[in-house]
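Everything numeric in this text was worked out from a predicted model, so none of it was measured.
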Amino acid sequence: MRKIIVANWKMNPNLLAEAKSLFRKVRQASQGVKNVTTVICPPFVWLPLFSKQKKSIFLGGQDVFWETQGAFTGEVSPLMLKELGCQYVIVGHSERREFLGETNEMINQKVKAALKAGLKVVLCVGEKTRIETKKSKVVSGVIEEQLQKALSGISTRLVLDILVAYEPIWAIGTGVADNPDDVLQASLLIRKVVAKLFSQEKAEKIKVLYGGSVTSKNVASFLAQPNIDGALIGTASLKPEEFSKILKIAAKS
Ligand code: PGA
């Protein structure tokens, strides 16, 4: 099974030359591996630099607005992302939920708008604390609520254009990743919700990624799980050597 590695550069790097250099190194690394879908999500302003030279790499936005155009200062439309060569977009990242006040309802509108424009959506869900993570596995918890709301009104025909990224917030950028067994449980829970909302077939086919302090040291343990199709990577995606190692490991998983 082809694994998917999504790089979320977040608000990095600050300098144009650094963005170009990082992209060049990542592209070289991705050209060397087969069997991995590599998606790079740089800040919006760097997207035009890469739109014409991707070849072995897919491009993604880190966010998108739900309207198609008009008086929405500071926002970026799905069609603008398409125009710049994006095939993917991250929606509902916990940092946007936390710092920009994005609600499940806003995320639902963004998912719908992105799918309508023909983008694939990397939909992020995850609990804030370890205690919530434990509870989520047994009672109807955070993941279920986030998924139900984000996927409300989505047509069954389009659901496989969504990749669900399970990212427990306590594991993001902390150097403390969740453990593979727990991630497997989360993946099964995500599939259960998808089965309830859509169908068993969609639940089996939908891609589920893990994100949260993924490194070259732990990525194999996640990708070895049968129900984990890839990883969403922040910090390690800014270090070309480390990211290159991750791609190579993903190719063998
Ligand atoms: P991290 O970020 O790899 O730095 O933990 C992951 C993410 O936020 O997508």
Side-chain angles (χ1 to χ4, degrees), residues 2-51 53-63 84-90 93-96 98-99 122 124 126 163 165-180 183 207-225 228-253:
R2 198 181 172 86
K3 300 289 182 183
I4 302 164
I5 302 293
V6 183
N8 176 10
W9 288 6
K10 309 193 179 181
M11 201 170 70
N12 299 292
N14 264 327
L15 301 182
L16 174 72
E18 285 175 8
K20 281 184 177 166
S21 153
L22 179 57
F23 188 81
R24 199 178 50 245
K25 289 174 186 161
V26 169
R27 191 185 50 199
Q28 268 164 13
S30 77
Q31 277 164 351
V33 295
K34 299 229 157 49
N35 275 334
V36 180
T37 300
T38 308
V39 184
I40 305 293
C41 303
F44 291 138
V45 291
W46 301 145
L47 282 170
L49 298 175
F50 314 138
S51 38
Q53 45 166 337
K54 44 194 170 27
K55 292 198 175 80
S56 56
I57 290 181
F58 292 98
L59 273 188
Q62 293 177 14
D63 182 40
L84 292 179
C86 288
Q87 271 154 309
Y88 289 79
V89 62
I90 299 173
H93 191 279
S94 63
E95 284 149 18
R96 296 203 59 86
E98 189 182 342
F99 303 128
V122 179
C124 301
L163 298 77
Y166 173 61
E167 296 207 306
I169 300 176
W170 53 265
I172 295 178
T174 57
V176 183
D178 201 348
N179 71 65
V183 176
K207 304 277 187 221
V208 178
L209 317 182
Y210 168 69
S213 297
V214 173
T215 64
S216 64
K217 298 217 162 60
N218 62 24
V219 69
S221 66
F222 296 114
L223 299 185
Q225 301 287 346
I228 303 174
D229 303 291
L232 177 53
I233 301 177
T235 312
S237 73
L238 298 169
K239 304 175 194 154
E241 275 180 34
E242 174 71 357
F243 192 66
S244 161
K245 277 189 205 164
I246 290 174
L247 292 181
K248 283 184 188 137
I249 294 167
K252 285 191 219 129
S253 300

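Here the closest non-hydrogen pair linking C41 and G61 is SG-O, 4.0 Å. Closest of all the heavy-atom pairs between C124 and L232 is SG-CD2, 3.8 Å. Closest approach of W9 to S237, counting heavy atoms only: CD1-OG, 3.6 Å. Summarising the geometry of N218 relative to F222, their closest heavy-atom pair is O-CD1, 3.3 Å, with the distance given to 0.1 Å. Here the shortest heavy-atom pairing between P42 and G60 reads CD-O, 3.5 Å. Of all non-hydrogen atoms in V36 and A250, the two that sit nearest each other are CG2-C, 3.8 Å.
With values rounded to the nearest 0.5 angstrom, I246 atom CD1 is found 11.0 Å from S253 atom OG. Note that NZ of K34 and CZ of R2 are 10.5 Å apart. Values are rounded to the nearest 0.5 Å. Rounding to the nearest 0.5 Å gives a distance of 6.0 Å between NZ of K10 and CD1 of I172. The distance from the CG atom of L59 to the CG atom of L47 is 6.0 Å, given to the nearest 0.5 Å. Rounding to the nearest 0.5 angstrom, the gap separating the CD atom in E242 from the CG atom in L247 is 10.5 Å. Going from atom OG of S221 over to atom CD1 of I249 covers 10.0 Å, rounded to the nearest 0.5 Å.
In this structure, I57 and V26 have side chains that are in contact, with non-hydrogen atoms separated by less than 4.5 Å. Within the 4.5 Å cutoff, the side chain of S56 has no heavy atoms near those of the T38 side chain. Looking only at side-chain heavy atoms (C-beta outward), Y210 and P168 come within less than 4.5 Å of each other. In this structure, the side chains of L22 and F243 stay at 4.5 Å or more apart for every pair of heavy atoms. Two residues are said to be in side-chain contact when any heavy atoms from C-beta on lie closer than 4.5 Å; V183 and V208 fail this criterion. When side chains are defined from C-beta on, W170 counts as touching D178, because their heavy atoms get closer than 4.5 Å. The closest side-chain heavy-atom distance from V176 to S213 is not below 4.5 Å. The side-chain heavy atoms of H93 and E167, taken from C-beta on, include a pair separated by under 4.5 Å.
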Exercise. Under the side-chain contact (heavy atoms from CB on, under 4.5 Å) criterion, do F44 and D63 qualify, and how do the steps go?
Worked result: CA-CA 9 Å; F44 291 138; D63 182 40; 4.2 Å; yes
For this session: Decide yes or no on side-chain contact (heavy atoms from CB on, under 4.5 Å) for L163 and D229, but give the supporting numbers first.
Result: CA-CA 9 Å; L163 298 77; D229 303 291; over 6 Å; no
For this session: In sequence, state the C-alpha distance, the side-chain angles, and the governing distance for I40 and W46, and then conclude on side-chain contact (heavy atoms from CB on, under 4.5 Å).
Result: CA-CA 11 Å; I40 305 293; W46 301 145; over 6 Å; no
Exercise. Hey, mind stepping through L84 and F50 against side-chain contact (heavy atoms from CB on, under 4.5 Å) and telling me if it holds?
Worked result: CA-CA 8 Å; L84 292 179; F50 314 138; over 6 Å; no
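The 12-atom threshold is exceeded at CD of E18, counting heavy atoms of other residues, nucleotides or ligands nearer than 6.0 Å. The environment of NZ in K248 is sparse: at most 12 heavy-atom neighbours from other residues, nucleotides or ligands sit within 6.0 Å.
With hydrogens and angles disregarded, no donor-acceptor distance shorter than 3.5 Å links the side chain of Q62 to the backbone of N8.
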